[in-house]
Amino acid sequence: MNNKQRILQQGPLMPGLEARLAEAYDLHRLDTQADPETFLAEHGDGFVGLVTSAAVGADAALIDALPALKVISSFGVGLDKLDLDAAARRGIAVGNTPEVLNDCVADLAIALMLDVARRTAAADRFVRRGEWLEHRFPLGRRVSGAKLGIVGLGRIGRTIARRAGGFEMDIRYHSRRPVADVPWQHEPSLLALAGWADYLIVITAGGAGTHHLIDAEVLDALGPDGFIVNVSRGSVIDEAALVKALVDKRIAGAGLDVFDREPHVPGELMHLDNVVLLPHIASATRETRQAMADLTFDNLQAFFRDGQVLTFAG
Ligand code: NDP
């Protein structure tokens, strides 16, 4: 008789994490079942834990199909695909992996800002195409000392601001509430921040509350000399408005790690040299992904040992 806690896995996880989970728990994977609905109908009442990721989440239908569920552990910090209300209604604890990814996500935001400004990826393509033999690469734009607007000054936003301080940038931020004890100026109006900034880095939470926060009006306020970087969620920017602003040259360029319909990227962006396109890799270093995997595991272990997860998200 197997007396390990029965855990459901939704979506792929790092192989090492999956192996640890399979060793410690009675682990079953939902999305690879031939018929997940029938599987849930037959076995759903046996699961006390659910392991998922920020990319996959868990909707109310899944949570409702698991009547004995007590804990959800999610790999990643974003909660936009996880129905926290459905979990809260049932008193289900939810753990995610905040903090451990701050450094690498902030590093990548800075890398995107430098790349759109100095056009390193475009310059690399220029050299490979042999164009250096024929003419000079166009001038880039200065980052050091420029004005940086950060949209969302949470854990990662603050980490970005500290790095930007090293570039002696003038930093302001927008969020619904000013943050205490930080040296950067809060700007209550997103439009005013965009109008002021040379670079706008977007790092709010995703979900309904920030859907299309960055719209055509904000992009026009940023203007033809302004650059935008998005490392939050594709949904935070009105992607059609962004594509149009880039095609019409109403903003100077964009560095994008996230998109509305990942892994689909708007075709128009593929042909623009002032846009840097990344496949959602902001936290994707070996060190950070390992730390995220460890915390995903530790949250479950802590719940079954102490009755609470280490990093409570809801
Ligand atoms: P936090 O919760 O610490 O910070 C979120 C920030 O967003 C807060 O400053 C919050 O301030 C602000 N915010 C929320 N709603 C709004 C709004 N409507 N208008 C303006 N500001 C708003 O989260 P983290 O810093 O840990 O992570 C931020 C997000 O980054 C994650 O939710 C995730 O989606 C994304 N992320 C992306 C990764 C990638 O691979 N590209 C990797 C990791 C995270 P306030 O509440 O005062 O408005």
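First listed ligand is number 1; within each ligand, the first listed atom is number 1. The figures here come from the full heavy-atom set of this structure, side chains too, leaving out hydrogens, waters and symmetry mates.
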Residue pairs passing the ring-ring contact (aromatic ring centres under 6.0 Å, His included) test where at least one lies in residues 208-252, sequence neighbours excluded: Tyr199-Phe227
Qualifying residue for side chain to side chain donor-acceptor pair (under 3.5 Å) with Arg233, from Thr204, Asp80, Asp260, Thr210: Asp80
Distance in Å, Leu8 CG paired with Arg29 CZ, rounded so as to fall on 0.5 Å steps: 10.5 Å
For Asp257, the option from Val276, Leu112, Asn230 that meets side-chain contact (heavy atoms from CB on, under 4.5 Å): Leu112
Give me the pairs of N or O atoms, one from ligand 1 and one from the protein, that sit under 3.5 Å apart.
from, atom 1, to, atom 2, distance (Å)
ligand 1, 3 (O), Arg155, N, 2.9
ligand 1, 3 (O), Arg155, NE, 3.4
ligand 1, 9 (O), Leu153, N, 3.0
ligand 1, 9 (O), Gly154, N, 3.1
ligand 1, 15 (N), Arg176, NH2, 3.3
ligand 1, 18 (N), Gly209, O, 3.3
ligand 1, 25 (O), Arg155, N, 3.3
ligand 1, 25 (O), Ile156, N, 2.9
ligand 1, 26 (O), Arg155, NE, 2.9
ligand 1, 26 (O), Arg155, NH2, 3.1
ligand 1, 34 (O), Arg233, NH1, 3.4
ligand 1, 40 (O), His280, NE2, 3.1
ligand 1, 41 (N), Val231, O, 3.0
ligand 1, 41 (N), Asp257, OD2, 2.9
ligand 1, 46 (O), Arg176, NH2, 2.8
ligand 1, 46 (O), Arg177, NH2, 2.7
ligand 1, 47 (O), Arg177, N, 3.1
ligand 1, 48 (O), Arg176, N, 2.8
ligand 1, 48 (O), Arg176, NE, 2.8

Contacts of His43 that satisfy ring-ring contact (aromatic ring centres under 6.0 Å, His included) - sequence neighbours left out: Phe39
Pairing residues for His28 by the ring-ring contact (aromatic ring centres under 6.0 Å, His included) criterion, not counting sequence neighbours: Phe47
